[in-house]
There are 2 protein chains.
Amino acid sequence: MLSKIEKKCIERGMKMTEQRKIIAKVISDALDHPDVEEVHQRAIKEDTGIGIATVYRTLRLLDDAGIVEKHDFGDGRARYEEILDDHHDHLINVKTGEIIEFVDDEIEKLQVAIAKKYGFKLIDHRLELYVIPENESN
Amino acid sequence: MLSKIEKKCIERGMKMTEQRKIIAKVISDALDHPDVEEVHQRAIKEDTGIGIATVYRTLRLLDDAGIVEKHDFGDGRARYEEILDDHHDHLINVKTGEIIEFVDDEIEKLQVAIAKKYGFKLIDHRLELYVIPENESN
DNA sequence: CTACATGCAAACCGTTTGCCCACTT
DNA sequence: AAGTGGGCAAACGGTTTGCATGTAG
């Protein structure tokens, strides 16, 4: 009855405290890209005692373990999401802050090709499209 | 004998003080993507008195005026480069910190198409390829 | 039982801002 | 001469860390 994210944590050798379980669950349940503050708020709903420092520490651990991905969408704080099998990039509606996930195989391939062209191997990338609703002027 | 970056500043209504001229020149002369500290260091070589707050203020001004572009390559501080006619994206060698500029029209077009597909207009994007030398393992 | 995790508050670090003086226009 | 810009140091906001205590393995 361990969740799959908890299993991953244990595989990576993490000591699973109550707090870490809760934080892992919050991330796993999230449908969005919460920042640390938000993860903290959600965690607190399940166990009042969790400190924000623990959230920071755990999120870093999860990031290092390759279980979550840390994003920086340019608003000054980090946002997190669980790494699942499906890779995707992000489209950010700058009017509303809404974030849409998308995949485009062609772009993915082109990226690898570009890296190769310069003699490198692509190990990571960041592609973010900042957009506004089609009809609006500014 | 005004440099073209200075001309742009004046067009945008900036009062051109000695400090701003120097900072503009530093940016214009830069072949790399200096952070604020680095711009400050280079500026100081031409006029010992420039304060770092002025560098921050001027860089922000230049960014707002669309004369420079502010980048965040994930190392915790902002980096700047002059906006010229050539648009390009960045390839970052994570082993050395070296930054290579590249353009790929096909990727550019695909981005516009993706935004459109979701009903948006692309106003900005960020594409960064994090790479390592082709032969190295990690 | 011991090494490691937590909570709290203080420290950090890049960046911004208030204040008062200096300079551009 | 008037109003904007600059320098300094203090404030800020997100994140990290030292320390004493608690807890998973």
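Letters A, B, ... are given to chains in the order of the sequence lines, protein chains preceding strands, and every chain is numbered from 1. Note that the coordinates shown come from a computational prediction; the quantities given were computed from them, not determined experimentally.
In terms of heavy-atom proximity, A:M16 sits nearest to A:K21 at O-CE, 3.6 Å.
Looking only at atom types and distance, the side chain of A:H87 has a donor-acceptor partner in the side chain of A:E108 under 3.5 Å away.
Looking at B:R42, its side chain never comes within 3.5 Å of a backbone N or O of B:V26 through a donor-acceptor pair.
Between B:F73 and B:H90, the ring centre distance stays below 6.0 Å.
Every residue meeting the side-chain contact (heavy atoms from CB on, under 4.5 Å) condition with A:E106, not counting sequence neighbours, appears here in chain and number order: A:D104, B:E106, B:L110. Checked against side-chain contact (heavy atoms from CB on, under 4.5 Å), B:A65 has the following partners two or more places apart in sequence or in another chain: B:R12, B:I67. Among residues two or more places apart in sequence or in another chain, the ring pair (Phe, Tyr, Trp, His ring centres under 6.0 Å) test is passed with B:H40 by none.
Protein atom CG of B:L59 is 15 Å distant from nucleotide atom C1' of D:dG6, rounded to whole Å.
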- Between protein and nucleotides 15-25 of chain D, map the contacts as a letter string: B base, S sugar-phosphate only, - none, heavy atoms under 4.0 Å, written 5' to 3'. BBBB-----BS
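Taking Ile, Leu, Val, Met, Phe, Trp and Tyr as hydrophobic and joining them when side-chain heavy atoms fall under 4.5 Å apart, one finds B:I44 isolated, its cluster having no other members.
When DNA chain C is scanned in the 5' to 3' direction for atoms under 4.0 Å from non-hydrogen atoms of chain B, the outermost contacting nucleotides are C:dG14 to C:dT25.
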